[in-house]
Amino acid sequence: MTGNERRLLLRRMRTPAITFVVLLLLLCSNVVLGATLPFRGAYIVEAVITACMVLTVLLVSMEIVHEPPLIRLFSAVGFFWVTIMFGMTLVDYLSR
């Protein structure tokens, strides 16, 4: 591998590597908050952290920023639908 190829590879892998580290840090903070429950409203902070993780996956990993508006719309609708399904499942488990 030549020097130019190595630099090109490092430049292309920078964004996925940073995204991976950010997602790991967000996951660690979510786990720590869930395990320790340091204050009463910790679940709200966990929900915000989870939303940040979803946005990171949508915008960076799925590269929605570079897609046409119709694809952005359908990806947002798909994630909204998954949220509805998880919410319905959670309501079912909590109401039993």
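Position 1 is the first residue of the sequence; numbering continues from there.
For the side chain to side chain contact (heavy atoms under 4.5 Å, CB included) with Leu23, the qualifying choice from Val57, Ile18, Val60 is Val57, the only one to do so.
From Ile71, atom CD1 reaches atom CD of Glu63 across 12.0 Å, with rounding to the nearest 0.5 Å. Here CD1 of Ile44 is found 12.0 Å from CD1 of Ile49. Values are rounded to the nearest 0.5 Å. One finds the CZ atom of Phe79 at 9.5 Å from the CG atom of Leu55 (value rounded to the nearest 0.5 Å). To the nearest 0.5 Å, the span separating CG on Asn30 from SG on Cys52 amounts to 10.0 Å. Annotation: the span from Leu8 atom CG to Thr2 atom OG1 amounts to 9.5 Å, rounded to 0.5 Å.
Residue pairs meeting the salt bridge (charged side-chain N to carboxylate O under 4.0 Å, His left out) criterion with at least one partner in residues 69-95, sequence neighbours excluded, are Asp92-Arg96.
The hydrophobic cluster containing Leu24 also includes Phe20, under a criterion of side-chain heavy atoms closer than 4.5 Å among ILVMFWY residues, counted directly or through chains of members.
With a 4.5 Å cut-off on side-chain heavy atoms, Ser61 and Thr56 do not count as touching. Ile84 has its side chain within reach of Met88: a pair of non-hydrogen atoms, C-beta onward, lies under 4.5 Å apart.
Between Glu46 and Leu33 the shortest heavy-atom distance is OE2-C, 3.2 Å. Heavy atoms only, all atoms of each residue included: Gly34 and Leu37 are closest at O-CG, 3.9 Å.
Residue-environment remark: CZ (Phe39) exceeds the threshold of 12 foreign heavy atoms within 6.0 Å.
The cluster map of Ile, Leu, Val, Met, Phe, Trp and Tyr, joined by side-chain heavy atoms under 4.5 Å apart, puts Val31 and Val45 in the same cluster. Hydrophobic clustering, with ILVMFWY side chains joined whenever heavy atoms are under 4.5 angstrom apart, groups Phe80 together with Met85. In this structure, Val48 is not a member of the same hydrophobic cluster as Val54, with clusters built from ILVMFWY side-chain heavy atoms closer than 4.5 Å.
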